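Some notes on the structure that comes next.
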Amino acid sequence: MHLPEQPKRRKFLKIASAGSIAGVAGGIPSLFVSNQAAAEEMLGNDTFVTLTKIARDIFPHDGFDDDLYVKAVAIYGDQVKADPNLRALLINGVAAADEAAIKQFGKAYAQIPDEKSRLVVLTAMQTTPFFLKIRGDLVVSLYNQPVVWGKLGYQGPSAEFGGYISRGFNDQNWMELT
């Protein structure tokens, strides 16, 4: 008699964790609507460009186009219009990153060509409210983009297609590809 292979505990936890993250990400998209023009207007072009560079440095993926990071940062367009404290946090945080970068490397953060040098600046800022805010927001606004899902091999939410039972339940090898 042939018995099916018992699932391994680690594999189960890996799949369950990914499903939880996907479920949370799928339930929050209305809070993270991209509006690049408004973000650039409210934050200023230099701040927007630096935030985009910081986004790439925090969540680096060689296969991601810059446009994906621009869209991730653009979520702040409408948010900073409604929240002047958030606007101040982002502008002051970028100013602090630029000041630290100029002090250590002689250039503003976005002008430093070496990723390792930029990471020195970010590592020093990792416990600041600025860093914690953008890291928390960007993990959702970047990884909630369907284009990103495709690049990572994730087929996206399947509730509207009848759930995973009829859509990929048995071909879950996408977890092992990332």
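All figures in this text were calculated on a predicted structure; none of them were measured in a lab. All residue numbers in this chain count up from 1 along the given sequence.
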Treating Asp83 as the side-chain partner and Asn85 as the backbone partner, does any N or O pair qualify as donor plus acceptor under 3.5 Å?
yes
Donor-acceptor contact present, side-chain Arg87 to main-chain Met42, <3.5 Å
yes
Using every non-hydrogen atom in the two residues, find where [X] and [Y] come nearest and quote the distance to one decimal.
X: Ala110; Y: Asp98; answer: N-OD1, 4.3 Å
X: Trp149; Y: Pro157; answer: CZ3-CD, 3.2 Å
X: Ile75; Y: Ser141; answer: CG2-CB, 3.5 Å
X: Arg56; Y: His61; answer: NH1-O, 3.2 Å
X: Gly136; Y: Val139; answer: O-CG1, 3.2 Å

One should read off an interatomic distance between Tyr143 OH and Lys151 NZ, to the nearest 0.5 angstrom, of 13.0 Å
State which residues pass side-chain contact (heavy atoms from CB on, under 4.5 Å) with Gln111; sequence neighbours excluded, sorted by chain then number.
Lys107, Ala108
Check the hydrophobic clustering (I, L, V, M, F, W, Y; side-chain heavy atoms under 4.5 Å; chains of links allowed) and say if Ile91 and Tyr109 are grouped together.
yes
Verify whether one side chain among Asp137 and Tyr76 offers a donor that lies under 3.5 Å from an acceptor in the other.
yes
Side-chain contact test, heavy atoms from C-beta onward, threshold under 4.5 Å: evaluate it for Tyr154 versus Val148 and give yes or no.
no
Within the 4.5 Å heavy-atom criterion, are Phe48 and Gln36 side-chain neighbours or not?
yes
Asp57: what forms a salt bridge (Lys or Arg N to Asp or Glu O under 4.0 Å) with it, not counting sequence neighbours?
Arg118
Counting only pairs under 3.5 Å, give me each side-chain donor-acceptor contact of residues 120-130, with atom names and distances, residues two or more places apart or in other chains.
{"residue": "Thr123", "atom": "OG1", "partner": "Leu119", "partner atom": "O", "Å": "2.7"}
{"residue": "Thr128", "atom": "OG1", "partner": "Met125", "partner atom": "O", "Å": "2.7"}
{"residue": "Thr128", "atom": "OG1", "partner": "Phe131", "partner atom": "N", "Å": "3.2"}

